Amino acid sequence: MTSAGSSQGASPDLPDPAGMRASDAERERIAEVLREAVAEGRLDMEEFDERLGAAYAARTHGELEPLVRDLPVPGGAAPAPPSPADPTGWAERIGGTPTSKWAVAIMGGFQRKGTWTVPRAFTALTVMGGGEIDLREARFEDRDVVIRCFALMGGVEIIVPPDLETHVSGIGLMGGFDHTGSADGDPTGPRVTVTGLAIFGGVSVERKLRKEEHRRMKEERRRLRAEHREELRGARRDERKERRLSLEKERRED
């Protein structure tokens, strides 16, 4: 009876909040806290740049929270995490007619970038050439996508956003097939599997911010540096004014 009762009363395991995926809205809220902190002098520009970059690259709540742990939150309340149903934009990017299903570079190169539509299965072949497959702004024909890369004395670079689930399982023979790009991603987004073979060549998967996020970071840094320079100029003007007034006072006393 005791065993049955304890079994019925046991509560199901709850997901670890720190492991929950972060949304764009959450990253932006953390970025706003950092902007307030640097404006108030709590962070210097080097610390701000480092934390802002980490905020936009963060994939989970656990990666975001330490960035503002030692900072007060504007309004006195911690940034409220969005509900699990908070949209991330992925749903609108799944579905559509593929732009192309293969790419070949023989002693040359190819690019797939921008708002192209990735098919369920995409094949890339490079022979003494190179290819770039950029998925940061892409649409996807289906939620599950396979990219097959074959590099013979050539290379293929695949660029993905930080929140895209990616699994790498290719083989390098006298070449390299970089598996460090494998990582979990937003559960509402696509799942990309990269496979294939590299012979005297290489295939890599690199995570980079989307161009809009990168541009926003650059503009933010530029604005804050301009404000910092203006504050320094104002401090120098005040210092010169105080020195001049002090000299004039000394002359009058003499």
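Every value quoted in this text rests on a predicted model; they were computed, and no experiment measured them. Along the sequence shown, residues are numbered consecutively beginning with 1.
In this view, A198 and A151, F177, V203 satisfy the side chain to side chain contact (heavy atoms under 4.5 Å, CB included) rule, not counting sequence neighbours. Qualifying salt bridge (charged side-chain N to carboxylate O under 4.0 Å, His left out) partners for R191, counting only residues two or more places apart in sequence or in other chains: D144. When the salt bridge (charged side-chain N to carboxylate O under 4.0 Å, His left out) test is applied to R236, no partner is found at least two apart in sequence or on another chain. T115 meets the side chain to side chain donor-acceptor pair (under 3.5 Å) test with no other residue; sequence neighbours excluded. Partners of F110 under the ring-ring contact (aromatic ring centres under 6.0 Å, His included) rule, at least two apart in sequence or in another chain, do not exist in this structure. Residues satisfying the salt bridge (charged side-chain N to carboxylate O under 4.0 Å, His left out) criterion with E239, sequence neighbours excluded, are R243. The salt bridge (charged side-chain N to carboxylate O under 4.0 Å, His left out) test applied to E65 returns R69, not counting sequence neighbours. Every residue two or more places apart in sequence or in another chain that forms a side chain to side chain donor-acceptor pair (under 3.5 Å) with T166 is listed here: R207. Looking at residues two or more places apart in sequence or on another chain, you find a side chain to side chain donor-acceptor pair (under 3.5 Å) between S100 and R112. Residues passing the side chain to side chain contact (heavy atoms under 4.5 Å, CB included) test with E28 are A31, R35, Y56, R216, sequence neighbours excluded.
Heavy atoms only, all atoms of each residue included: L209 and P162 are closest at CD2-CG, 4.1 Å. Here the closest heavy-atom approach between residue V118 and residue A138 is recorded as CG2-CB, 3.8 Å. Taking each heavy atom of V194 and C149 in turn, the nearest pair found is CG1-SG, 4.4 Å.
Residue pairs that meet the side-chain hydrogen bond (donor to acceptor under 3.5 Å, both in side chains) test with at least one member in residues 118-137, sequence neighbours left out, are Q111-E132, R120-E141, R120-D142, T123-R148, D134-R136.
Taking 4.5 Å as the limit, every side-chain heavy atom of V168 sits out of range of all side-chain heavy atoms of I158. Proximity of L71 to L43: side-chain heavy atoms (C-beta onward) are separated by under 4.5 Å at one or more points. When side chains are defined from C-beta on, V205 does not count as touching S182, because their heavy atoms never get closer than 4.5 Å.
If you take CD on E206 and OG1 on T180, they are separated by 9.0 Å, rounding to the nearest 0.5 Å. Taking CG of L52 as the start and CZ of R27 as the end, the distance is 12.5 Å to the nearest 0.5 Å.
With hydrogens and angles disregarded, no donor-acceptor distance shorter than 3.5 Å links the side chain of R93 to the backbone of T117. Within the 3.5 Å criterion, the main-chain N or O of E92 finds a donor-acceptor partner in the side chain of R139. When atom types are taken as modelled, the side chain of S204 and the backbone of E157 share no donor-acceptor pair closer than 3.5 angstrom.
Hydrophobic cluster membership for F200: W102, V104, I106, M107, L125, V127, M128, F150, L152, M153, I171, L173, M174, L197, I199 (Ile, Leu, Val, Met, Phe, Trp, Tyr linked by side-chain heavy atoms under 4.5 Å, directly or transitively).
Linking Ile, Leu, Val, Met, Phe, Trp and Tyr residues whenever their side-chain heavy atoms come within less than 4.5 Å places V160 and V145 in a single cluster. By the rule that hydrophobic residues join a cluster once side-chain heavy atoms approach within less than 4.5 Å of another member, V156 and W116 end up as members of one cluster.
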